[in-house]
Amino acid sequence: MSVRTRFAPSPTGYLHVGGARTALFNSLYARKFGGKLILRIEDTDEKRNTPEAMQAIYDGLNWLGLEWQEGPDKGGDYGPYLQSQRNAIYEKYFAQLQGGGHLYEDGGAVRFRSPRKTVTVEDLVCGKIAFDMSNPVTHPDMTIRRPDGSWIFHFVNVVDDIEMKMTHVIRGEDHLSNTPKHIELYQALGAEPPKFAHIPLILNHEGKKLSKRDGGSSLAYFVENGYVPEAVLNYLCLLGWSPGENREMLTMPEIQALFGLEDINRRNAIFDLDKCFWLNGQHIQHMSLERFAELSVPCVTKAAIPYGTEDALMKALTIVKPKVKHLTDVPAWIGFLFTEEYPFDPEAVDKALRKPGALDRLRTLGTAFGELAEWTHPSIEARLKELAISLGAKVGEFVHPARVAVSGKAVGPGLYEMLEILGKERVLARFQRAEAAAA
RNA sequence: GACCCUAUCGUCCAGCGGUUAGGACACCGCCCUUUCACGGCGGUGACACGGGUUCGAAUCCCGUUAGGGUCGCCA
């Protein structure tokens, strides 16, 4: 039987990073065995069921590049994939339980009568766990239907997993304690339970379950703050799973090749934005220029950078790519290349241009550059260093003023690359402008 | 409270009876005669505690403590 896994979020208005990781693991596992990932929306709670909430799930999954083979938007042989549209199916299974004498009414709601036995969960991550369900006080019969006829999660979740022929249920550990109840349902329905794998939870810095209020708990946070999907995917897979050999930076194909449920640990992990940030820089550095451009263009466009030709933009992106950490920083990092009205950072001006002798050095450098016949990164670098040595000065004493003069900032791409792209005339003019700015 | 899970540097992850307990992020220092949210080198820093088992325990067992989860007519 081919592997079928599922991601079954409820539309809460945003995609939680924990959910994203669950989707990731389900996807990895299904692909590893040539199986399918099914997207099912658990929207039995009417209140949450809005089109926007649904869209947040699609947007998040699409942004990450996770693909599912069956779902509300894709169809499939076991649809519909929206629980709100599966009422007839639930009625059928409900009748089956009723026929078997498993149900009873309680205050208008319907409960499932527990067999009151010990249920053993054989979890692919957690191992074999026995739950003693005999005490009705500690394990009350679960409600499966409300008085208004609507369904409760436990019931529809199990019915759907049976109907959709799920072979593996990979979900958060918060469901581990619910699993024996689900198994009771499978047994009452005469169905074989799927294999379960409960993955550890993602906690915030206080050690509590990551909630909506925590920074970075929503996948949208990463999209908005200039993270690249490959870095987020990489970071997420490292929470609770290890590729072995102390590997940290991985591409999706590498993750796919190395992933296995047996390498998932059972400890909850605290979400650490710092490492994700570092990974983001690493992935940007290592990705192709084309990919970087593809990811940067929305930010550049949004900031209305007048980059002129595509060729000019690509040149700018090339010199910025090795150092930039967030896509959202790209506009600020390349903006000065395309306008003579670039702003001067007062602090940078103070530090680099108002130092004793700084403007003199800038003038000297300008003169030397003016006589330079060839304007390329190597020739510019050679001339600047030559000048520094001949004057007994440190290279940095020329580099700093030049950088601030030409870009208005103390940080940015490599100086010589910047100068080359700008061209000699603009550089010399900017040196002049800097003198005015420093005055 | 009951039940379940967990317990290695601040954080993430290695370790699966014998290691100077390893890597990464962060932090600190030095270097790169180009600043840096670049790069290189080095450093600080952990086996929660108490009992066992064993020639030998971070590794196995028990207990304690701590943290997390579940006990909904939420999902």
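Chain naming here is simple, since letters A, B, ... match the order of the sequence lines and numbering starts at 1 in each. Note: hydrogens, waters and symmetry copies are ignored here, and every other heavy atom, side chains too, is used.
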Q: Please list all pairs passing the ring-ring contact (aromatic ring centres under 6.0 Å, His included) test where one or both residues lie in residues 314-333 of chain A, with sequence neighbours left out.
A: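 Residue pairs passing ring-ring contact (aromatic ring centres under 6.0 Å, His included), neighbours aside: A:Y227-A:H326, A:F277-A:H326.
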Of all of [range], which get a heavy atom below 4.0 angstrom from RNA chain B, listed by number?
| range | value |
| --- | --- |
| residues 219-230 of chain A | none |
| residues 376-390 of chain A | A:H377, A:E381, A:K385 |
| residues 234-241 of chain A | A:L238, A:L239, A:G240 |
| residues 158-168 of chain A | none |

Heteroatom pairs (N/O) under 3.5 angstrom, protein to nucleotides 39-46 of chain B:
none

Q. Between A:N246 (CG) and B:rC25 (C1'), how many Å, whole number?
A.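 So the two atoms are 13 Å apart, to the nearest Å.
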Q. Roughly, in whole Å, what's the span from CG in A:L258 to C1' in B:rC13?
A.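 After rounding, the gap between these two atoms is 14 Å.
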Q: State which of B:rG23, B:rA75, B:rC13 makes the closest approach to the side chain of A:A269.
A: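 Per side-chain heavy atoms of A:A269, the pick is B:rC13.
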Going by atom type alone, with no hydrogens or angles, which donor-acceptor pairs under 3.5 Å involve a side-chain atom of residues 357-365 of chain A and a protein atom two or more places apart or on another chain?
from	atom 1	to	atom 2	distance (Å)
A:D360	OD1	A:R363	NH1	2.9
A:R361	NE	A:E397	O	3.0
A:R363	NE	A:E435	OE1	3.1
A:R363	NE	A:E435	OE2	3.0
A:R363	NH2	A:E435	OE1	3.0
A:T364	OG1	A:D360	O	2.7

Q. Does any N or O in the side chain of A:E173 come within less than 3.5 Å of the main-chain N or O of A:H198, such that one atom is a donor and the other an acceptor?
A.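 Between the backbone of A:H198 and the side chain of A:E173 there is no qualifying donor-acceptor contact (under 3.5 Å).
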Give each protein N/O atom lying under 3.5 Å from an N/O atom of nucleotides 57-64 of chain B, with the pair distance.
none

Q | Pairing of A:R40 and A:E70 as salt bridge, 4.0 angstrom limit | A |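 No salt bridge links A:R40 with A:E70.
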(Q) What I want to find out is whether A:E381 reaches A:K385 closely enough, with some N-O distance under 4.0 Å, to be called a salt bridge. (A)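 Result for this pair is yes, salt bridge flagged.
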Q. Do any pairs count as a salt bridge (charged side-chain N to carboxylate O under 4.0 Å, His left out) and have a residue in residues 278-289 of chain A, sequence neighbours left out, and if so which ones?
A.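 Listed once each, the pairs would be none.
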Q) What residue pairs, at least two apart or across chains, pass salt bridge (charged side-chain N to carboxylate O under 4.0 Å, His left out) with a residue in residues 116-135 of chain A? A)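 Sorted pair list: A:R116-A:D141.
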With a cut-off of 3.5 Å and sequence neighbours excluded, list every side-chain donor-acceptor pair involving residues 245-252 of chain A.
from	atom 1	to	atom 2	distance (Å)
A:E248	OE1	A:K275	NZ	2.9
A:T251	OG1	A:E254	N	3.4
A:T251	OG1	A:E254	OE1	3.2

Q. Which letters describe nucleotides 3-10 of chain B, given B = protein heavy atom under 4.0 Å from base, S = only from sugar-phosphate, - = neither?
A. -SSSSB--
